[in-house]
**Q** 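Quick one: this structure, given as structure tokens, is what I'll be asking you about.
So you know, we letter chains A, B, ... as the sequences are listed, proteins then strands, and number each from 1. It should be emphasised that the depicted structure is a prediction, and the values quoted were computed from it without experimental measurement.
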There are 2 protein chains.
Amino acid sequence: MQTSWNFEGGTAQQSMSTKSKVYEEILDQIKHFIKENKLSPGDRLPSERELSEQLQAGRSSVREALRALELLGLIETRRGEGTFLKPYRTYHTVELLSAFILQETKTRKDILSCKAIVEKEAAKLAYSKMNEGVIEELESVYSNNGLDPKKRYEQFFIIIFKKADNYLLETIWKLLYDFSSTMEETNYYNQSFYIEILQAYKKKQFVSIEAQFMNN
Amino acid sequence: MQTSWNFEGGTAQQSMSTKSKVYEEILDQIKHFIKENKLSPGDRLPSERELSEQLQAGRSSVREALRALELLGLIETRRGEGTFLKPYRTYHTVELLSAFILQETKTRKDILSCKAIVEKEAAKLAYSKMNEGVIEELESVYSNNGLDPKKRYEQFFIIIFKKADNYLLETIWKLLYDFSSTMEETNYYNQSFYIEILQAYKKKQFVSIEAQFMNN
DNA sequence: ATAGTTAAGTGGTCTGACCAATATAAAGTG
DNA sequence: CACTTTATATTGGTCAGACCACTTAACTAT
């Protein structure tokens with residue numbers, strides 16, 4: 001077991017910094033600690049009690065700081081085991097914030113419009129990386145009559161987003177998709193849409209992709 | 001003083017929900033409370049002690065939930081006064097995140113690419129609603145040499161997003177903009193970009209808008 | 001009426017306690 | 001010896017109570 005954690009001296013109570021709250025100060029210290037000890041995802045942090053002792057702060061304050069890190073998706077706490085660094089997931093925050101944004105944006109129009117935009121651009125991003133294999137994949141989804149319209153739509157775009165190779169864009173789409181699913185009277189693309197998109201990919205007609213998406 | 005807060009009955013301790021931690025449950029309850037009582041920015045929430053009593057949870061657990069809300073920029077706590085709802089702002093979170101996230105080129109690419117997409121589509125959405133007054137507004141921003149590149153860029157697009165009339169898209173943009181601001185070596189559009197966009201608006205050349213945005 | 005004082009309320013923090021889940025070491029078992 | 005079982009220590013999760021610092025409002029003295 002590791003015993004000496006090599007914290008930079010000084011209490012968290014109140015240093016000269018501008019931080020008015022202890023937990024904010026602790027946040028910095030923990031950040032510094034991670035850097036100093038070169039911790040990587042999966043590594044364990046000192047226990048709450050140890051942190052509170054090393055930083056000369058109450059355990060509750062340490063917990064508030066950890067809670068913040070957890071909310072940001074930077075650490076993971078497992079009862080009985082400890083606190084661990086999580087692999088960087090930049091978009092966890094985006095997800096969180098988006099959840100709030102979407103909750104307040106009741107405008108159905110906005111959501112559908114955004115979703116169409118994202119899908120269109122993904123289709124365009126995927127264009128340059130399109131190859132025979134992927135086109136066949138898309139075609140098999142399209143011609144699979146066992147799928148209901150929603151499933152077909154979903155699987156079709158999942159393939160496209162994978163090729164588009166922009167994880168953030170994909171995350172945004174998923175959020176919009178999930179939210180739009182909860183709305184009544186959701187319309188999916190019709191047959192001709194898929195045909196035209198596939199045509200554009202096959203015959204390498206970049207410009208015609210744009211036309212397939214309705215704006216607003 | 002308000003005495004009855006009208007919480008949905010039940011302890012926060014553990015409901016049937018999947019939430020394993022009390023503070024997560026409290027988070028939901030508080031959100032529900034805000035909605036139920038129609039609180040708007042500036043309004044005060046019940047005190048920590050009152051919340052802890054009403055929700056039958058420890059004050060520390062309530063605090064962990066409040067800390068989460070604070071981190072998301074949804075509330076503001078003022079010692080001696082109370083806890084207040086804040087108008088939605090992303091900056092706080094972004095600041096915190098940027099302190100932790102090591103700039104990953106892959107991530108940066110995604111963000112910049114998404115931002116360009118959103119800006120482009122906003123410019124296109126704004127197209128149909130463009131008129132003399134707005135164009136003049138844009139032109140005055142462009143020709144204002146007192147502005148540094150960043151401010152010019154920001155103000156230019158704020159006008160465009162206003163005209164684009166999609167609040168969700170605008171919010172996403174602000175988020176991406178904040179993120180990108182924390183990254184070093186941020187590039188802004190150059191002179192010719194603004195000129196071309198203005199030209200497209202003035203001469204009603206819709207198609208040429210697209211060309212002004214780089215699709216890396 | 002005004003200024004100064006006091007009391008109550010609120011967030012911020014610490015401490016100590018207990019619970020629940022896990023990991024580790026010790027003892028038992030084949 | 002290897003394997004299971006049992007006890008113990010460690011860790012996160014939660015609660016309760018106690019201060020402190022700060023703000024506000026009511027009260028008092030001038």
Side-chain angles (χ1 to χ4, degrees), chain A residues 1-5 10-15 17-30 39 42-71 74-86, chain B residues 1-5 10-15 17-30 39 42-71 73-86 92:
Chain A
M1 151 168 275
Q2 182 155 3
T3 52
S4 72
W5 286 104
T11 82
Q13 201 82 259
Q14 32 68 332
S15 64
S17 90
T18 60
K19 303 289 163 51
S20 59
K21 297 178 188 170
V22 175
Y23 93 90
E24 291 177 340
E25 184 64 32
I26 294 177
L27 227 42
D28 280 349
Q29 301 244 20
I30 293 178
L39 296 194
D43 290 349
R44 225 203 74 190
L45 264 67
S47 74
E48 295 179 353
R49 290 169 178 84
E50 196 159 357
L51 280 170
S52 109
E53 187 189 354
Q54 296 282 351
L55 301 175
Q56 296 186 43
R59 200 181 145 207
S60 52
S61 294
V62 170
R63 278 185 64 80
E64 290 190 6
L66 292 177
R67 215 57 35 251
L69 291 177
E70 190 180 52
L71 198 72
L74 297 171
I75 63 169
E76 179 185 10
T77 55
R78 296 201 284 268
R79 167 186 295 191
E81 298 182 56
T83 306
F84 302 84
L85 241 68
K86 273 209 326 195
Chain B
M1 150 171 272
Q2 183 155 3
T3 50
S4 72
W5 285 107
T11 80
Q13 202 83 255
Q14 32 68 329
S15 64
S17 89
T18 60
K19 302 290 163 51
S20 59
K21 297 179 187 171
V22 175
Y23 93 90
E24 291 176 338
E25 184 65 31
I26 294 177
L27 217 48
D28 281 349
Q29 302 243 21
I30 293 179
L39 297 194
D43 290 349
R44 225 202 74 189
L45 265 67
S47 74
E48 295 179 353
R49 290 170 179 82
E50 195 157 358
L51 280 170
S52 117
E53 188 189 355
Q54 296 281 353
L55 300 175
Q56 297 185 41
R59 198 180 149 210
S60 53
S61 294
V62 169
R63 277 185 64 81
E64 291 190 5
L66 291 177
R67 211 64 331 92
L69 290 174
E70 190 179 52
L71 204 66
L74 296 172
I75 63 169
E76 179 183 13
T77 55
R78 295 201 283 271
R79 166 185 299 194
E81 297 183 58
T83 306
F84 302 84
L85 241 66
K86 250 177 41 165
H92 193 196

**Q** Please identify each residue that fulfils salt bridge (charged side-chain N to carboxylate O under 4.0 Å, His left out) with B/Arg79, with sequence neighbours left out.
**A** none
**Q** Go along nucleotides 16-24 of chain D 5' to 3' and tag each nucleotide: B for a protein heavy atom under 4.0 Å from its base, S when only backbone or sugar atoms are that close, - otherwise.
**A** --BB-BBSS
**Q** Please classify the nucleic acid contact of B/Arg78 as base, sugar-phosphate, or nothing, using heavy-atom distances under 4.0 Å.
**A** sugar-phosphate
**Q** Over all heavy atoms of both residues, which pair between A/Val22 and A/Ser61 is shortest? Give the atoms and the distance, please.
**A** CG1-CB, 4.0 Å
**Q** Just how far, in rounded Å, is P of C/dT13 from CG of A/Leu66?
**A** 14 Å
**Q** Can you find a side chain N or O atom of B/Arg63 that sits less than 4.0 Å from OP1 or OP2 on C/dG11?
**A** no
**Q** Rounded to whole angstrom units, what separation is found between the CZ atom of B/Arg67 and the P atom of D/dG13?
**A** 17 Å
**Q** Locate the shortest heavy-atom distance separating B/Glu48 from B/Val62; write the atom from each residue and the value.
**A** O-CG1, 4.2 Å
**Q** Under 4.0 Å between a Lys/Arg side-chain N and an Asp/Glu carboxylate O for B/Arg67 and B/Glu64?
**A** no
**Q** Select one nucleotide: of C/dG12, D/dT14, D/dG13, the one nearest the side-chain heavy atoms of A/Glu48.
**A** D/dG13
**Q** May I ask you to evaluate whether B/Ser61 reaches the phosphate of D/dG13, defined as a side-chain N or O under 4.0 Å from OP1 or OP2?
**A** no
**Q** Could you tell me how far apart A/Glu64 (CD) and D/dT14 (C1') are, to the nearest whole angstrom?
**A** 14 Å
**Q** Nearest-Å distance, CG (B/Leu51) to P (C/dG12)?
**A** 13 Å
**Q** Could you measure the distance from the OG1 atom of B/Thr77 to the CG atom of B/Leu66? Nearest 0.5 Å is fine.
**A** 8.0 Å
**Q** On the nucleotide D/dG12, are OP1 or OP2 found under 4.0 Å from the side-chain N or O atoms that A/Thr83 carries?
**A** yes
**Q** Rounded to whole Å, please give me the gap between CD in B/Glu70 and C1' in C/dG12.
**A** 11 Å
**Q** Separation of A/Gln56 atom CD from C/dT15 atom C1', in whole Å?
**A** 15 Å
**Q** Is any side-chain heavy atom of B/Tyr23 closer than 4.5 Å to a side-chain heavy atom of A/Glu70?
**A** yes
**Q** How close or far is atom C1' of D/dC15 from atom CD1 of B/Ile26, stated in whole angstroms?
**A** 11 Å
**Q** Minimum heavy-atom separation for A/Gln29 and A/Leu55, please, with both atom names.
**A** OE1-CD2, 3.5 Å
**Q** Within this structure, what is the CD-to-P distance between A/Glu25 and C/dT13, rounded to whole angstrom?
**A** 11 Å
